[in-house]
Chemist: 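Got a structure for you, written out below as structure tokens; questions coming shortly.
For clarity, every value in this text was computed on a predicted model and none was experimentally measured.
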Amino acid sequence: MLYKLAIRNVKRSAKDYIIYLLTIIISFALIFALNLISTSDAVMKLSKGLDTFQYIMYFINAVVLGVICFLINYTTKFIFEKRSKEFGMYLLLGIKKRKINRMFLLESLLLGFAAFIISIPIGFIVSQFLSIFIVKILELPQAIFIHLNLKSIILLSIYVSIIYLLVLWFANKKMKKSSINDLLTLEKQNERNITKSKKHRNILFLISICIGIFALILWNIKFQANVYDSSILTIALGCFILLIISIYGVMISVGDLILSIVLNNKKIKYSKDNLFIARTFCAKAKTMGFVLGTLSMLITLALFLLNISSLNKGAYDYQIELDSPYDISVMDKKEHLKDYLEVIKEDYTIKNHFIYDIYKDKEARFLKTLPSYDYTSDEKKYDSVIKLSDYNRLLELRGKGKISLNKNEYSIIAHLSYKNDESFSKIKAITLSNGLKLQQKDFITNNFWVRLSNTGYTIIVPDEAIYNLESDESHLIVNTLEKTTSALREKIKTKLKKYLTHINKEGKEVTTYYNVMVKGELEEETNTMTMIISTICIYMAFIFIASVGTIIAIQSLSDSNKYKYRYNVLSNLGVKDENIYKTIKKQLLILFGIPVLYPIIINFFLVYSINNVYKIILANNGIYLFYFLGSLGQFLVIYVVYYVATYFSFKRNIKEV
């Protein structure tokens, strides 16, 4: 009979907790899909950087499983508490606790097994969409079909088994400790309110806010463009711990604080349904402060992951333009460059090519301002110089507008970080080593290309100003009609190894491959890293957001049954249905909204500080705002889906007689 009850209860639970079931099915499906991707030979062969993806996923899945375990354990505990009176009645009827416990554990296992079975075909379909995403990111011409494999199914079954063994162990432990009286009164028990007075509440709130402000200030100090030390990771971890403490403190005290504000302001208190909504929310917030704190922490992590994903995508895109705006670039002796062209012509159609020289200014006026300059070194030190016509030709090949200089002027093009160096950027007048005096016209950071010369800056001078300057390097840049690949660089490294090999000071033979840059190889590497980071961050963020949405949803839908009487009273008093629905919308909006506000503020300042470092590898200083708003938009899309689903389920529940 108990087994029939278990099956009946599973059907009832599936109806009552549909949002929870959908969330764990999607979570298991995502785990399965990523297992299929990471174990697919076809995917791993796309790029050498993907070899590590499988091992990274093992670690990421451990974190995700912890969150899913928390979600399932919380929901199981919640269902247990809601049905505790039913279990107490079974005990009063003489049914042994062991059998009741077995029935409840069986129900949980049936739900988990159903989610596991359904997640496999869904995960398989999701993996095909992920393969399209990978192909698009890596800019590959062919599609990839992901095959089902036994290893991924076994991995998923192990993950699910671990989760449910832990969850059922906790549930079994709780049932064994519960007496008949405990079970009959458990549903009425609430989390203890930590703040026993308004004074304690206010102190806790203020201290928590101060801890948060201190953590953000410390974070900002460490994330500066000119600060690079080994303690940054330790400090960053410490800041996160302080922020988590701050989040819990704020969430524990905020419910009582909101109620106090409403009750002390008569205009707000008696306006429309404010008092009803405030008391309803605070009744929840005051008794589930730790849960709200956990939800707010998960939202903070989700937003941070989405922001990191966006910032890295922007950084990698800009890095390609910074490192390789042309399809192929080579630095070597001028007489060797024609051999590089011949090798390229074997597989590619050359659209255009250009050879230019970089000259030495031995005054090294700019170089001497840099902290890395070594006065004791015997090595030659010099500033890199390029003539105006060559620089303009390089701009033309990139589709950029030309610059102009008078005979007594020069411009300097440098990495953005050099502009922040006052001793470097304040040099206005220079005298070249050939005796020519020039005045600075422009300090250029846009269109900078790190391989323009072998330094992080280059002086641009009129053509006649290079008189008597010694040539230092010869460069070849090539654009091809076909898209380049990493195979071209490997071919150059093999065929022209003699040009890339030299004898160092110790008399050893050294091969330097950095003299050759192929855009296709760089794109493959950066796109692979973009794919890995984006996939991991979005995957974890979705699990965190979905867990938050699910917990708030099941709390709200459970309350809908209790609040049905209150809404019936409002209806009997003449309140129209549309007004009741508006009240429900506001009530849910506050419950969904309160855990989000503080994490949004925290993440804005975290991203603002990180931008101090990232801005030198991003397209412009303010683009982080675009990424922040984009990440917030991604979060809200998922979060609003849970809000809307909860609203319609809530409305349906209070309509049921």
Chemist: Which heavy atom of G520 sits nearest a heavy atom of T484, and at what distance?
Modeler: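 For G520 versus T484, the nearest heavy atoms are N-OG1, 2.9 Å.
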Chemist: Applying side-chain contact (heavy atoms from CB on, under 4.5 Å), run through W219 and I610 and close with a yes or a no.
Modeler: CA-CA 9 Å; W219 178 278; I610 291 174; 3.8 Å; yes
Chemist: CG/N220 to SG/C239 distance, rounded to the nearest 0.5 angstrom?
Modeler: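 Between atom CG of N220 and atom SG of C239 there are 10.0 Å.
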Chemist: Would you say the side-chain atoms of T349 and E482 include a donor-acceptor pair closer than 3.5 Å?
Modeler: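 Yes, side-chain donor-acceptor contact under 3.5 Å.
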Chemist: Do T300 and Y598 make a side-chain contact, defined as non-hydrogen atoms from C-beta onward lying under 4.5 Å apart?
Modeler: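 Result no, sub-4.5 Å side-chain heavy-atom pair not found.
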Chemist: Can the ring centres of F628 and F604 be said to be less than 6.0 Å apart?
Modeler: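 Yes, close enough.
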Chemist: Within the structure provided, determine whether I552 and L588 are in side-chain contact (heavy-atom separation under 4.5 Å).
Modeler: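 No, too far: nothing below the 4.5 Å cut-off.
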Chemist: Taking atom types as modelled, is there a side-chain donor on Y647 or S556 under 3.5 Å from an acceptor on the other?
Modeler: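 Note: Y647 and S556 side chains miss the donor-acceptor criterion.
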Chemist: State whether the number of non-hydrogen atoms from other residues, nucleotides or ligands found under 6.0 Å of F448 atom CZ is greater than 12.
Modeler: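 Atom CZ in F448 is packed in, count exceeds 12.
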Chemist: Ignoring hydrogens and geometry beyond distance, is a side-chain donor-acceptor pair present between N61 and Y539 at under 3.5 Å?
Modeler: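 Result is yes, a qualifying pair exists.
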Chemist: Any salt bridge between R451 and D323, counting N to O under 4.0 Å?
Modeler: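 Salt bridge flag = no for D323 with R451.
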Chemist: Do S246 side-chain atoms and L242 backbone N/O form a donor-acceptor pair below 3.5 Å?
Modeler: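 No, S246 side chain to L242 backbone: no donor-acceptor pair under 3.5 Å.
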Chemist: Measuring from atom CD1 of I247 to atom CG of L298, what distance do you get when rounded to the nearest 0.5 angstrom?
Modeler: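 One finds 9.5 Å between CD1 of I247 and CG of L298.
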Chemist: Check L305 against C537 and note the closest heavy-atom contact, atom names and distance.
Modeler: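 Heavy atoms only, the tightest pair is O-CB, 3.4 Å.
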Chemist: Between I602 and L216, which heavy-atom pair has the shortest distance, and what is it?
Modeler: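 Scanning both residues, the minimum pair turns out to be O-CD2, 4.0 Å.
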Chemist: Would you check if F240 and F304 make a side-chain contact, meaning some heavy-atom pair closer than 4.5 Å?
Modeler: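 Touching, per the 4.5 Å side-chain cut-off.
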Chemist: Which of parallel (below 30°), tilted (30 to 60°) and perpendicular (above 60°) describes F635 and Y639?
Modeler: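 If you compare the ring of F635 with that of Y639, the planes turn out parallel.
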Chemist: State the CD1-CG distance between I158 and L165, to the nearest 0.5 angstrom.
Modeler: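 It is 11.5 Å, given to the nearest 0.5 Å.
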Chemist: Evaluate the side-chain contact (heavy atoms from CB on, under 4.5 Å) criterion for residues M251 and M297: first the C-alpha distance (whole Å), next the side-chain angles of each, then the deciding distance (0.1 Å), finally the verdict.
Modeler: CA-CA 10 Å; M251 288 299 109; M297 179 192 67; over 6 Å; no
Chemist: Could you tell me if the side chain of Y74 sits less than 4.5 Å from the side chain of I554, heavy atoms only?
Modeler: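 Heavy-atom side-chain distance check passes, below 4.5 Å.
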Chemist: So, do F542 and I26 sit near enough that their side-chain heavy atoms are less than 4.5 Å apart?
Modeler: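 Yes, at least one pair of side-chain atoms sits under 4.5 Å.
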Chemist: Using modelled atom types and a 3.5 Å cut-off, is there a donor and acceptor pairing between side-chain atoms of N611 and backbone atoms of V607?
Modeler: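 Here the side-chain-to-backbone pair does not exist.
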Chemist: Between CD1 of I24 and CD1 of I543, what distance do you get to the nearest 0.5 Å?
Modeler: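 So the gap between those two atoms works out to 11.5 Å.
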Chemist: Would you name the heavy atoms of Q634 and L306 that are closest together and state the gap between them?
Modeler: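 Taking every non-hydrogen atom into account, OE1-CD2, 3.7 Å.
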Chemist: Decide if atom OH of Y608 counts as having more than 12 heavy atoms of other residues, nucleotides or ligands within a radius under 6.0 Å.
Modeler: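 At most 12 heavy atoms, drawn from other residues, nucleotides or ligands, come within 6.0 Å of this atom.
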Chemist: Under 4.5 Å between any side-chain heavy atoms of L243 and L606, yes or no?
Modeler: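 A side-chain contact under 4.5 Å exists here.
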Chemist: Regarding S310 and S631, is there a side-chain donor-to-acceptor distance under 3.5 Å anywhere?
Modeler: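 Looking only at side-chain atoms, S631 and S310 do form a donor-acceptor pair, the distance falling under 3.5 Å.
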Chemist: Donor-acceptor check, side chain of S127 to backbone of A33, threshold 3.5 angstrom: yes or no?
Modeler: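 Side chain of S127 to backbone of A33, a donor-acceptor pair under 3.5 Å: no, none is there.
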Chemist: Between the main-chain N or O of T646 and the side-chain N or O of S649, is there a donor-acceptor pair closer than 3.5 Å?
Modeler: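 Side chain of S649 to backbone of T646: no pair is present.
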Chemist: For K519, does its backbone N or O pair with a side-chain atom of D327 as donor and acceptor, under 3.5 Å?
Modeler: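 It does not hold such a pair.
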Chemist: Taking the side chain as everything from C-beta on, heavy atoms only, tell me whether S486 gets closer than 4.5 Å to V518.
Modeler: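 No - every pair of side-chain heavy atoms lies 4.5 Å or more apart.
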Chemist: Verify the distance criterion only: is there a donor paired with an acceptor across the side chains of Y248 and S296 at less than 3.5 Å?
Modeler: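 No - no donor-acceptor pair under 3.5 Å links their side chains.
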Chemist: We want to know whether T23 and Y642 form a side-chain donor-acceptor pair, criterion being a heavy-atom distance below 3.5 angstrom.
Modeler: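 Looking only at side-chain atoms, Y642 and T23 do form a donor-acceptor pair, the distance falling under 3.5 Å.
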Chemist: When you check the side-chain N and O atoms of N149 and S152, is any donor under 3.5 Å from an acceptor?
Modeler: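 There is such a pair between these side chains.
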Chemist: With a 4.5 Å heavy-atom cut-off, do I153 and F32 have their side chains touching?
Modeler: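 With C-beta onward as the side chain, the pair touches.
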Chemist: Working to the nearest 0.5 Å, report the span between OG1 of T550 and OH of Y20.
Modeler: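 Rounded to the nearest 0.5 Å, the OG1-OH separation comes out at 9.5 Å.
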Chemist: Checking ring pair (Phe, Tyr, Trp, His ring centres under 6.0 Å) for the pair W449/Y326: CA distance, chi angles, key distance, verdict?
Modeler: CA-CA 10 Å; W449 173 40; Y326 309 101; 5.1 Å; yes
Chemist: Which pair of non-hydrogen atoms, one from V167 and one from C69, has the smallest distance, and what is that distance?
Modeler: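 Result for this residue pair: CG2-O, 4.0 Å.
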Chemist: Does F113 form a side-chain contact (heavy atoms from CB on, under 4.5 Å) with V160? I'd like the steps, not just the answer.
Modeler: CA-CA 9 Å; F113 183 72; V160 174; over 6 Å; no
Chemist: Just verifying a value: how many Å separate E521 CD and I328 CD1, rounded to the nearest 0.5 Å?
Modeler: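 Answer rounded to 0.5 Å: 12.0 Å.
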Chemist: Restricting to non-hydrogen atoms, name the atom on K483 and the atom on Y348 that form the minimum distance, rounded to 0.1 Å.
Modeler: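 For K483 and Y348, the tightest heavy-atom pair comes out as O-CE2, 3.5 Å.
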Chemist: Stepwise, does the side-chain contact (heavy atoms from CB on, under 4.5 Å) test hold for I68 with I163?
Modeler: CA-CA 8 Å; I68 296 175; I163 289 172; 3.9 Å; yes
